[in-house]
Participant: 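Mind having a look at this structure? Questions to follow.
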There are 2 protein chains.
Amino acid sequence: MEKLASDARPTRPNLAAVAALAGVSVSTASLAFSGAGPVSAATRAKVLAAAATLDYDGPDPRARSLRRGRSGIIGVVMEDRLRDAFRDPMNIALLDGIADEAGGGGVGLLLLTDNGAGDSGIAVAPLDAVVLVGCSRRLDESVAILRRRAIPMVAIEAEHRAGVLAIDLDNRAGSRVAAQHLRDLGHTHVAIVSLPIDDSRRSRPLRAEPATAGTGFTALERLRGARDVFPAIGGWVSNGSSIEEGVAAGIELLDHENRPTAIIAQSDLLAVGVIRAAEQLGLRIPHDLSVIGFDGARIDGVAPYDLTTLVQPAVEKGRAAGRAILEFLAGGTPQAVAFTSEFHAGNTTAPPMAASTRAN
Amino acid sequence: MEKLASDARPTRPNLAAVAALAGVSVSTASLAFSGAGPVSAATRAKVLAAAATLDYDGPDPRARSLRRGRSGIIGVVMEDRLRDAFRDPMNIALLDGIADEAGGGGVGLLLLTDNGAGDSGIAVAPLDAVVLVGCSRRLDESVAILRRRAIPMVAIEAEHRAGVLAIDLDNRAGSRVAAQHLRDLGHTHVAIVSLPIDDSRRSRPLRAEPATAGTGFTALERLRGARDVFPAIGGWVSNGSSIEEGVAAGIELLDHENRPTAIIAQSDLLAVGVIRAAEQLGLRIPHDLSVIGFDGARIDGVAPYDLTTLVQPAVEKGRAAGRAILEFLAGGTPQAVAFTSEFHAGNTTAPPMAASTRAN
DNA sequence: AGACGTGGTCGAATCGATTCGACTCTTGCT
DNA sequence: AGCAAGAGTCGAATCGATTCGACCACGTCT
C-alpha cells in the first residue's frame with residue numbers, strides 16, 4: 001500500500017532536494033552552484049556536501065536552458081550525408097576552426113543536415129546559433145525556418161541573405177587568378193572540372209552555357225572567375241569533391257583527340273583525381289597537361305607533385321564563424337568577413353607543348 | 001513613459017499567445033501541435049491559423065525537453081581535437097553509421113571532446129545518450145560523469161565498464177590473423193607500427209615490453225594479437241593514425257641494416273605511410289618488404305597497391321551504436337555487439353626474399 | 001427513458017532551475 | 001547608543017510547454 005521503495009529514490013535528485021538536505025532555500029542552493037551572487041563559504045560547503053551525498057551533479061541543463069533561454073548548442077548545417085560532407089578536408093578544417101573558437105565554455109557543435117523536411121532537426125533542435133556550411137541546396141528553406149525561430153545565422157560562402165552573416169572567400173577572384181596563370185603560360189584550350197552546380201547531383205558535361213543561378217554557389221563563383229578569362233570555358237560537372245570524381249571527370253575530358261592542354265579543377269581533391277586520370281592515360285604532368293586546383297588542402301597522395309592551387313584559409317574561416325557566433329550570443333552585431341585565397345605556384349602547371357610537337 | 005513599442009512585440013510568441021488568439025486553452029493548443037490526443041479538425045485549423053498569424057513555429061524545444069525529459073540530442077565523445085578525430089576515416093564511417101541509424105526523427109549528433117574538465121560540455125550538455133568513440137584517454141572520468149548524470153552510454157572498442165554498452169571489434173583476433181599470415185609466408189623479422197598507446201602522445205620506439213594497461217585500448221588489443229604469434233615483436237608507436245605518422249615510423253624502422261622483412265601497421269593510414277617510406281628508401285613492395293594494415297579503409301593514394309589488411313565493418317559499428325541508443329531511449333536494454341574483421345589478401349605481402357639474395 | 005461510453009476541451013500541476021526584490025542580521029561609524 | 005550600509009538568505013514569479021484528471025454534451029445501447 002505505502003510506496004516504500006519508490007519513495008526512497010523515485011527520480012534523480014534535483015536542486016530542491018539538495019537545498020532541503022543542506023537546510024537552505026532553493027535559491028541559495030542555486031546561487032551556490034552558479035557562483036553568481038553572494039554566498040558565504042560555509043553555506044556553499046554545506047550545499048556541495050549535500051549534493052555529494054545525494055549524488056547530485058549540478059543543475060539539469062534542460063531546465064537551465066529553458067530559464068536562461070540558452071542551450072549552449074551551436075548547430076552546424078551541412079549537406080545531406082555526413083559522409084559526403086566529411087570527405088572534403090575543407091569542411092573538416094572549418095569545423096575544427098569553429099570548435100576551436102567557439103567550442104570552449106560548455107558549447108557544443110550539433111551536426112545537422114538540411115535534407116528538407118522538419119525531420120532534419122533544424123526545426124526542432126535547441127539551438128543558440130547556426131553555421132550554414134556547404135548547404136546551398138536548400139538554403140532558402142533553412143534560412144526561412146531559422147529566421148522564424150530567431151536564431152542567429154552565419155553562412156560560409158553562400159549567397160547573401162538578409163539576416164545571415166556572411167563569411168566569404170574570394171572564389172571568383174581566386175579562380176580568375178588561376179585562369180590568368182594558365183593564359184599567361186600560353187594555354188588556350190582549357191577545361192574546367194566543377195563542383196556540383198545544381199540539385200540534380202548528376203555528373204554531366206559543362207557546356208559554355210551562361211552561369212545561371214544554380215544552387216552551388218561556390219561552384220558558380222569559381223566558374224565565373226574562370227570565365228572572366230576564358231569566357232566560353234566548358235568541361236565537366238562533378239557530383240562532389242572527391243578524388244574518384246576527379247578521375248572520372250579527367251577520363252571524360254582527356255580520353256580523346258582534341259583534349260585540353262590545361263584543366264582547372266575547382267578543388268584539390270578533384271585536381272588530384274584529374275592527375276591520376278592523366279597518368280592512367282599516359283599523359284605527363286605538367287608536360288602534356290597542366291592541372292590547377294583550389295583549396296590548398298595538401299592532400300596525401302599527390303606526391304611527387306606539388307599541386308598548383310589557391311590556398312584558402314579554411315581553419316581561419318571556421319574561426320571567424322566561431323567568433324561571429326560568440327559575438328551574436330554576447331548581444332553584439334558581428335561584421336561580415338571576407339577572406340582571400342593565395343596563389344601557390346607548384347609544379348603541375350607549365351606552358352603547353354607546341355601543337356606541332358605533341359605526340360598523339 | 002508608457003511602454004508602447006515594447007508592448008507590441010517584446011518577446012517571441014509562445015503557445016499561450018497562440019491559444020489566446022485562437023480562442024482555445026493552452027492545453028488544446030498543445031494537443032493541436034503535438035498531434036497526440038483527440039482534437040477536432042476545426043479546432044486544429046483555428047490553432048494553426050493563429051500560429052501562422054503570430055509567426056509562431058511550434059513549441060520551444062527547450063521547454064519541451066524540460067517537460068519531456070528528452071532533448072533529442074545524442075553526444076558523440078571523441079578525442080580532444082576534432083581535426084585529429086576526423087582525420088581517421090574509420091571515425092567518419094562510424095559517425096555516418098550512427099547518424100544513419102539514429103539521426104532521423106529530430107535527433108542530432110552533438111560533437112564533444114573529453115579533454116578533461118567540465119568545459120568539455122560532457123558535464124553540462126543536454127544529452128539523451130552518448131557514444132564514446134576513440135576516447136580511451138580519459139574514459140574513466142567521462143564514464144563517471146555520465147554515470148552520475150544517468151545518461152546511457154555506448155562505447156566503441158573501449159575497455160568494458162559497468163553500465164557502458166560495448167560495441168566491440170575482434171582487434172586481437174584480427175591482428176593475430178595478420179601476424180599468422182606473415183608467419184605463414186615465412187617472415188620471422190617482423191615489426192609493428194602501433195596506434196598511440198599511452199597518454200603521452202609522443203611517438204617512440206616500441207620495445208618488447210609487456211603490453212601493460214595503457215589507455216590505447218584498440219592499440220593494445222591489436223598489439224596483443226600480433227604478440228600471440230610473434231611474442232617479442234617490437235616496432236614503433238605512432239602518435240596518431242595518419243599517413244605522415246606512417247611515413248615517419250617507416251623511416252625509423254627501415255632506414256638501417258637490420259631492417260624487418262615485414263611490417264604490421266595498426267591502421268591502413270599508417271600502412272600507406274610505411275609503404276611511402278619504403279618507396280623513398282628504394283624498397284620494393286612486397287618484394288623487399290611486406291606491409292599489412294588494418295581497417296579496410298580503401299584509401300586514395302595506395303595505387304598501384306592493393307593493401308593486404310583486415311576489413312572492419314566501420315559503418316556497421318556505427319549503425320549498431322545508433323540502434324543501441326534508440327533501444328535505450330525506448331526503455332529497452334540493448335545487447336552488446338561484437339563485430340569481426342575480415343582478412344583481405346592484397347598484393348602488399350609476399351614471402352621474404354631469401355637472406356642470401358637480399359641486395360643491401 | 002435512463003445509464004453508459006466517448007470525443008472534445010479545459011484547469012491545474014509539473015518539469016527544474018534562475019533571478020529579482022525584499023527581508024534580516026551584522027558590522028562600522030559618529 | 002543609534003543608524004546606515006551591505007553581506008547573506010529567502011519567497012515567489014517565471015521560462016514554455018506537456019499531460020493527467022475532470023468535465024460537458026451528445027449519441028447509443030438495452
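Protein chains get the first letters and strands the later ones, always in sequence-line order, with residue 1 at the start of each.
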Participant: Could you check Gly23(B) against Leu66(A) and say which one's nearest nucleotide on DNA chain C is further toward the 5' end?
Facilitator: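 Result: Gly23(B).
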Participant: For Thr43(A), report the nucleic acid contact type (base, sugar-phosphate, nothing); a contact means any heavy atom under 4.0 Å.
Facilitator: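 Since only primed, P, OP1 and OP2 atoms lie under 4.0 Å of Thr43(A), the category is sugar-phosphate.
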Participant: Mark yes or no for a side-chain to base donor-acceptor pair under 3.5 Å between Ser25(B) and dG11(C), with no hydrogen or angle criteria applied.
Facilitator: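 Absent.
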Participant: On DNA chain C, does the nearest nucleotide to Arg68(A) precede the nearest nucleotide to Arg68(B) from the 5' side, or the other way round? Give the residue.
Facilitator: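 In this pair, the answer is Arg68(B).
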Participant: Rounded to the nearest angstrom, tell me the gap between atom CG in Leu31(B) and atom P in dT9(C).
Facilitator: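 In whole Å, dT9(C) P lies 9 Å from Leu31(B) CG.
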Participant: Roughly, in whole Å, what's the span from CZ in Arg149(B) to P in dA17(C)?
Facilitator: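 So the CZ-P distance, Arg149(B) to dA17(C), works out to 12 Å.
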Participant: What I want to check is whether an N or O donor and acceptor connect the side chain of Arg64(B) with the base of dT18(D) at under 3.5 Å.
Facilitator: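 Checked by distance alone, the answer is no.
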Participant: Side-chain donor or acceptor of Arg67(B) under 3.5 Å from a matching atom on the base of dT14(C)?
Facilitator: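 It does, because a donor-acceptor pair links the side chain of Arg67(B) to the base of dT14(C) below 3.5 Å.
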Participant: Minimum heavy-atom separation for Gly35(A) and Arg44(A), please, with both atom names.
Facilitator: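 Where Gly35(A) meets Arg44(A) most closely, the heavy atoms are CA-NH2, 3.9 Å.
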Participant: Have a look at Ser40(B) and say if it touches a base, only the backbone sugar-phosphate, or nothing, with a 4.0 Å heavy-atom cut-off.
Facilitator: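 The residue Ser40(B) makes sugar-phosphate contact but no base contact.
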Participant: For Arg44(B) and dG7(C), give me the distance from atom CZ to atom P, rounded to whole Å.
Facilitator: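 My rounded result for the distance is 15 Å.
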Participant: Would you kindly give the NZ-to-P distance between Lys46(A) and dG8(D), to the nearest whole Å?
Facilitator: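 These atoms are roughly 13 Å apart.
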Participant: Do you know which of Arg148(A), Arg147(A), Arg149(A) makes salt bridge (Lys or Arg N to Asp or Glu O under 4.0 Å) with Asp55(B)?
Facilitator: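 Testing each of Arg148(A), Arg147(A), Arg149(A) against Asp55(B), the sole residue satisfying salt bridge (Lys or Arg N to Asp or Glu O under 4.0 Å) is Arg148(A).
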Participant: Does dT9(D) have OP1 or OP2 sitting under 4.0 Å from an N or O in the side chain of Thr28(A)?
Facilitator: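 For dT9(D), neither OP1 nor OP2 has a side-chain N or O of Thr28(A) closer than 4.0 Å.
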Participant: When you measure from the side chain of Arg70(B) to the backbone N and O of Leu329(B), does any donor-acceptor pair fall under 3.5 Å?
Facilitator: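 Yes: the side chain of Arg70(B) pairs with the backbone of Leu329(B).
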Participant: Tabulate atom names and distances for all N/O pairs under 3.5 angstrom spanning the protein and nucleotides 23-26 of chain D.
Facilitator:
none

Participant: Once you apply a heavy-atom cut-off of 4.0 Å, does Ser30(A) come out as touching a base, just sugar-phosphate, or nothing?
Facilitator: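 Base: the residue Ser30(A), judged by heavy atoms under 4.0 Å, touches a nucleobase.
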Participant: Specify the separation, in whole Å, of atom CZ of Arg62(A) and atom C1' of dT18(C).
Facilitator: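 Whole-Å distance recorded here is 17 Å.
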Participant: Okay, side chain of Asp128(B), backbone of Ile74(B): is any donor-acceptor separation there less than 3.5 Å?
Facilitator: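 Pair absent, no side-chain N/O of Asp128(B) close to backbone of Ile74(B).
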Participant: Do side-chain atoms of Arg161(A) reach the backbone of Ala155(A) as a donor and acceptor pair under 3.5 angstrom?
Facilitator: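 Looks like no, no N/O pair under 3.5 Å.
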Participant: Looking at Val26(A), is its backbone amide N or carbonyl O close enough to the side chain of Ser30(A) to form a donor-acceptor pair, meaning the two atoms are under 3.5 Å apart?
Facilitator: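 Between the backbone of Val26(A) and the side chain of Ser30(A) there is no qualifying donor-acceptor contact (under 3.5 Å).
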Participant: Where the side chain of Asn91(A) meets the backbone of Phe86(A), is there a donor-acceptor pair that is under 3.5 Å apart?
Facilitator: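 A pair under 3.5 Å: no.
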Participant: In whole angstrom, give the distance that lies between atom CG of Leu15(A) and atom P of dT14(C).
Facilitator: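 Going from Leu15(A) (CG) to dT14(C) (P), I get 18 Å.
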Participant: So what does Pro38(B) hit on the nucleic acid, given a heavy-atom distance under 4.0 Å: a base, only sugar-phosphate, or nothing?
Facilitator: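 Base, at least one base atom sits under 4.0 Å.
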